[in-house]
Structure formats: structure tokens, C-alpha cells
Amino acid sequence: MKATNKHLIALINYAALVPLVYFIPALLQPYLPESKIVNVLIIVAVIVPIISYIVMPVTMKLLAQSTHQN
């Protein structure tokens with residue numbers, strides 16, 4: 001089995017994080033307290049599971065399928 005290219009994984013992470021980091025803070029801002037640190041903690045607590053449990057598993061599955069087809 002061929003190892004997944006770490007540079008490709010980094011690029012996928014980057015591409016997924018940019019819109020999340022751009023839009024999620026704006027969407028959550030009306031519901032967050034005034035404290036900057038609490039804001040950051042909550043926003044990161046939302047973004048990390050999206051990347052860890054949705055984006056990367058789907059990406060790895062798609063990469064595995066494309067590897068088996070080649």
C-alpha cells in the first residue's frame with residue numbers, strides 16, 4: 001500500500017482551514033462573550049472537530065479510493 005503524501009495532506013488541511021477560520025468566527029460572534037481568550041477557545045473547539053472528524057476522514061477515504069483505482 002502506497003503511503004499518503006504528507007505535503008498533499010498539509011495542502012488539504014490548509015484549504016479546509018481557510019474558509020473555516022474565515023467564516024466560523026463571524027458566524028459565532030453574536031453568541032460569544034466579550035473575552036477574547038474565551039472566543040478563541042470556543043472557535044478552535046468548533047474548528048478542530050470539523051477538521052478531525054469530517055474533513056480528514058473523508059479526504060483519506062477519497063485518497064485511498066483514488067490510490068486503488070490507479
query = Which atoms form the tightest heavy-atom contact between P57 and S52, and what is the distance?
reply = CD-O, 3.2 Å
key: Hphob cluster co-occupancy, L20 + V46, side-chain heavy atoms under 4.5 angstrom   = yes
query = What closest approach, in Å, do P19 and A15 show between heavy atoms, and which atom pair accounts for it?
reply = CD-O, 3.0 Å
ask   = Which value, rounded to the nearest 0.5 Å, describes the distance between L63 atom CG and I9 atom CD1?
value = 5.5 Å
query = Measuring from L8:CG to T59:OG1, what's the distance to the nearest 0.5 Å?
reply = 8.5 Å
Rounded distance [0.5 Å steps], CG in L28 versus CD1 in I42 = 8.0 Å
inquiry  = I need the single residue from V40, V38, N39 that forms a side chain to side chain contact (heavy atoms under 4.5 Å, CB included) with L32. Which is it?
reply    = N39
inquiry  = For residues I50 and L62: do they belong to one hydrophobic cluster (side chain heavy atoms under 4.5 Å, members Ile, Leu, Val, Met, Phe, Trp, Tyr)?
reply    = no
key: Any residue meeting side-chain contact (heavy atoms from CB on, under 4.5 Å) with L41, in chain and number order, not counting sequence neighbours   = I37
ask   = Nearest 0.5 Å, what's the CG-NZ distance between N13 and K6?
value = 12.0 Å
message = Hydrophobic clusters here meaning ILVMFWY residues chained together by side-chain heavy-atom distances under 4.5 Å, can you tell me if V21 and I24 are in one?
response = yes
request  = Step by step, work out the side-chain contact (heavy atoms from CB on, under 4.5 Å) result for V55 and L17.
outcome  = CA-CA 10 Å; V55 174; L17 280 168; over 6 Å; no
Same apolar cluster: I43 and V48, side chain cutoff 4.5 Å = no
